[in-house]
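Contents: one structure, followed by commentary.
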Amino acid sequence: SVQLVESGGGSVQSGGSLRLSCAASGFGDSTYCMAWFRQAPGKEREGVAAIDNYGATAYTDIAKGRFTVSQGNAKNTMTLQINNLRPEDTAMYHCAANSPCPFNILGGMGYASEYTYWGQGTQVTVSS
């Protein structure tokens with residue numbers, strides 16, 4: 001079975017940086033995409049960024065400029081580098097994955113509903 005495990009969240013001050021990681025297992029030789037979504041208390045879940053097995057990336061507007069998604073050093077891992085963190089970045093960040101990749105023809109990362117597998121999440125808290 002597919003499992004996703006996130007790590008790297010924490011509490012930081014505004015302007016700081018964090019690197020989140022997600023490790024996937026259970027996909028075997030299948031190609032798939034891994035993605036980051038976040039959800040703040042009382043708000044809807046929103047997409048952040050995603051990457052496929054070939055390193056192609058997709059970002060939503062909220063992520064452009066301060067967020068960088070990349071393949072991790074270990075196989076089947078993904079990282080999300082967040083710089084210049086703001087209080088509004090405070091949220092639970094979830095890793096998601098799906099095979100086939102939900103990237104659409106316009107370069108979007110796909111909707112949350114298109115991702116089958118989800119991790120438990122890692123909390124990011126940014127104080128001003």
Side-chain angles (χ1 to χ4, degrees):
S1 63
V2 174
Q3 289 190 323
L4 302 174
V5 179
E6 303 98 333
S7 61
S11 296
V12 297
Q13 291 191 326
S14 182
S17 299
L18 281 174
R19 180 184 291 265
L20 309 183
S21 295
C22 177
S25 60
F27 276 108
D29 294 329
S30 300
T31 57
Y32 59 95
C33 275
M34 297 177 73
W36 289 101
F37 290 82
R38 72 183 188 183
Q39 188 166 20
K43 295 187 178 181
E44 293 188 357
R45 182 168 47 192
E46 53 187 0
V48 178
I51 189 167
D52 70 10
N53 289 129
Y54 304 101
T57 59
Y59 294 89
T60 62
D61 288 343
I62 63 170
K64 292 177 181 177
R66 298 186 296 118
F67 294 68
T68 303
V69 64
S70 60
Q71 294 172 330
N73 292 330
K75 186 179 179 182
N76 298 333
T77 62
M78 167 183 67
T79 65
L80 182 70
Q81 177 72 35
I82 315 173
N83 296 325
N84 192 21
L85 278 155
R86 304 166 179 168
E88 54 264 38
D89 295 320
T90 296
M92 183 71 78
Y93 284 70
H94 291 273
C95 175
N98 197 77
S99 177
C101 182
F103 283 12
N104 61 44
I105 195 170
L106 299 178
M109 62 179 281
Y111 297 104
S113 58
E114 297 176 283
Y115 287 84
T116 302
Y117 305 102
W118 291 82
Q120 293 297 312
T122 186
Q123 178 68 37
V124 172
T125 303
V126 185
S127 58
S128 58

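For this chain, numbers begin at 1 and follow the sequence in order. Because only heavy atoms are used, hydrogens play no part in the values below, and waters and symmetry mates are left out as well, while side chains stay in. Everything numeric in this text was worked out from a predicted model, so none of it was measured.
- Residues that satisfy the ring pair (Phe, Tyr, Trp, His ring centres under 6.0 Å) test with Phe67, not counting sequence neighbours, are absent from this structure.
- Here the straight-line distance linking atom CD1 of Ile82 with atom CG of Leu18 works out to 6.0 Å at 0.5 Å rounding.
- With a 4.5 Å cut-off on side-chain heavy atoms, Met78 and Trp36 count as touching.
- At least one donor-acceptor pair closer than 3.5 Å links the side chain of Arg66 to the backbone N or O of Asn84.
- Classification of Asp89 and Arg86 as a salt-bridged pair fails, no side-chain N sitting under 4.0 Å from a carboxylate O.
- Judged by distance alone, the side chains of Ser14 and Ser128 never bring a donor and an acceptor atom under 3.5 Å apart.
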Please tabulate, one pair per line, all N/O donor-acceptor pairs under 3.5 Å involving side-chain atoms of residues 46-57, not counting sequence neighbours.
{"residue": "Glu46", "atom": "OE2", "partner": "Arg38", "partner atom": "NE", "Å": "2.7"}
{"residue": "Glu46", "atom": "OE2", "partner": "Arg38", "partner atom": "NH2", "Å": "3.1"}
{"residue": "Asp52", "atom": "OD1", "partner": "Tyr54", "partner atom": "N", "Å": "2.8"}
{"residue": "Asp52", "atom": "OD1", "partner": "Gly55", "partner atom": "N", "Å": "2.9"}
{"residue": "Asp52", "atom": "OD1", "partner": "Ala56", "partner atom": "N", "Å": "2.8"}
{"residue": "Asn53", "atom": "OD1", "partner": "Tyr32", "partner atom": "N", "Å": "2.4"}

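- Phe103 and Leu4 sit in two unconnected hydrophobic clusters of ILVMFWY residues. Membership requires side-chain heavy atoms under 4.5 Å apart, directly or through other members.
- With a 4.5 Å cut-off on side-chain heavy atoms, Leu85 and Asn83 do not count as touching.
- To the nearest 0.5 angstrom, Met34 atom CE is 13.0 Å from Tyr117 atom OH.
- For Tyr59 (side chain) and Val69 (main-chain N/O), a donor-acceptor pair under 3.5 Å exists by modelled atom type.
- Note that CD of Gln71 is 8.0 Å distant from OG1 of Thr77, once rounded to the nearest 0.5 Å.
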- Message: Could you go through Met109 and Phe37, starting from their C-alpha distance and side-chain angles, then the distance that decides it, and tell me whether this counts as side-chain contact (heavy atoms from CB on, under 4.5 Å)?
- Response: CA-CA 10 Å; Met109 62 179 281; Phe37 290 82; 3.7 Å; yes
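- Proximity of a side-chain donor or acceptor of Glu6 to a complementary backbone N or O of Leu20 within less than 3.5 Å is not detected.
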- Message: As a quick check of understanding, evaluate side chain to side chain donor-acceptor pair (under 3.5 Å) for Thr79 and Ser70, giving each step before the final call.
- Response: CA-CA 5 Å; Thr79 65; Ser70 60; 2.7 Å; yes
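- Within the structure, disulfide bond (SG atoms under 2.5 Å apart) contacts touching residues 55-128 (residues at least two apart or in different chains) are Cys22-Cys95, Cys33-Cys101.
- In this structure, Thr68 contributes its side chain and Gln81 its backbone to no donor-acceptor pair below 3.5 Å.
- With Trp118 as the aromatic partner, Arg45 meets the cation-pi criteria of under 6.0 angstrom to the ring centre and within 45 degrees of the ring axis.
- Looking only at side-chain heavy atoms (C-beta outward), Gln3 and Phe27 stay at 4.5 Å or farther from each other.
- The number of heavy-atom neighbours closer than 6.0 Å to CD of Gln123, taken from other residues, nucleotides and ligands shown, is above 12.
- Proximity of a side-chain donor or acceptor of Thr125 to a complementary backbone N or O of Ser11 within less than 3.5 Å is not detected.
- Of the possible donor and acceptor atoms, none in the side chain of Asn76 sits under 3.5 Å from a partner among the backbone N and O of Ser25.
- Both Val126 and Ile62 are assigned to one and the same hydrophobic cluster, defined by single-linkage of ILVMFWY side chains at heavy-atom distances under 4.5 Å.
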